[in-house]
Amino acid sequence: MAYWLFKSEPSTWSWEMQKAKGEAGQEWDGVRNYQARNNMRAMKIGDRGFFYHSQEGLEVVGIVEVCKLAHPDSTSDDPRWECVDVRAVRDVPQPVTLNDIKANPKLSEMVLVRNSRLSVQPVSDDEWAEVNRMGGLKPGEA
DNA sequence: GCCAACGTTGGC
DNA sequence: GCCAACGTTGGC
């Protein structure tokens with residue numbers, strides 16, 4: 001299983017809104033960046049991701065799961081743009097802030113730190129485990 | 001609100 | 001194929 005990070009401005013699409021969608025999940029639409037799209041194309045059902053609030057909050061607040069493979073983005077007429085669907089899995093008990101991540105040497109290579117503008121990014125196994133630990137989730141819990 | 005970083009576009 | 005101009009993102 002691969003791990004990812006999904007970034008969203010809470011004023012546009014917040015973790016609360018994501019959770020309200022429940023098991024049905026929601027299309028991760030609106031991505032207009034090739035790298036981010038390619039990451040979504042690489043996702044498999046059951047892959048896990050962090051839900052990160054950008055602009056406001058600047059923290060990892062939740063865990064999501066990919067529940068539908070990449071398909072055309074319903075908000076675009078351009079067939080180049082595709083997206084997956086994700087559903088909320090659980091809250092991160094102690095949200096992990098960008099400052100926390102930057103302050104942790106183990107996370108110095110995270111794309112979130114290295115390329116802050118990429119909205120859908122890969123997360124390594126080690127980074128996944130570390131951020132989960134910082135967020136108060138036990139190994140294997142997420 | 002500012003600005004740095006980055007991606008995209010389009011003329012040549 | 002290069003690169004200047006422009007637009008967008010996101011942290012501060």
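Per chain, numbering begins at 1; letters A, B, ... match sequence-line order. These numbers come from the heavy atoms of this one structure, side chains and all, not from hydrogens, waters or symmetry mates.
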Look at the side chain of A:Asp85 and the backbone N and O of A:Gly25, then say whether any donor-acceptor pair between them is shorter than 3.5 Å. no
Please list, chain by chain and in numerical order, all residues satisfying side chain to side chain donor-acceptor pair (under 3.5 Å) with A:Glu27, sequence neighbours excluded. A:Ser74
Which residues share a side chain to side chain donor-acceptor pair (under 3.5 Å) with A:Arg48, sequence neighbours left out: A:Glu65
Here the residues of residues 27-43 of chain A within 4.0 Å heavy-atom distance, strictly under, of DNA chain C are none
Quickly, which of A:Lys68, A:Arg37, A:Arg32, A:Arg41 forms a salt bridge (Lys or Arg N to Asp or Glu O under 4.0 Å) with A:Glu82? Name it, please. A:Arg41
Euclidean distance, atom CG of residue A:Asp78 to atom P of B:dT8 [Å, nearest integer]: 12 Å
A:Asp100 side chain reached by A:Met134 side chain, heavy atoms, under 4.5 Å: yes
What integer distance in Å separates A:Leu58:CG from C:dC12:P? 7 Å
Atom-to-atom span, CZ of A:Arg80 to C1' of B:dT8 - whole angstrom: 10 Å
Does A:Lys7 put a side-chain nitrogen or oxygen below 4.0 Å from OP1 or OP2 of C:dT8? no
Would you mind reading off the distance between A:Trp13 atom CH2 and C:dT9 atom P, rounded to a whole angstrom? 18 Å
Round to a whole Å and report the spacing from CG of A:Leu112 to P of C:dG11. 7 Å
Nearest-Å distance, CG (A:Asn99) to P (C:dG10)? 17 Å
Between C:dG10 atom C1' and A:Glu56 atom CD, what is the distance in whole Å? 12 Å
Is the A:Phe51-A:Trp4 ring centre distance short of 6.0 angstrom? no
Got A:Val131 and A:Leu5 here, is their nearest side-chain heavy-atom distance under 4.5 Å? no
Write out all pairs satisfying ring pair (Phe, Tyr, Trp, His ring centres under 6.0 Å) with one or both partners inside residues 109-142 of chain A, taking only residues at least two apart or from two chains. A:Tyr3-A:Trp128, A:Phe50-A:Trp128
Give me the distances for all protein-to-nucleotides 1-4 of chain B N/O pairs that come in under 3.5 Å?
none

Integer-rounded Å distance: C:dG10 P and A:Leu118 CG: 9 Å
Hydrophobic cluster mates of A:Leu69, side-chain heavy atoms under 4.5 angstrom, ILVMFWY only, any path? A:Ile45
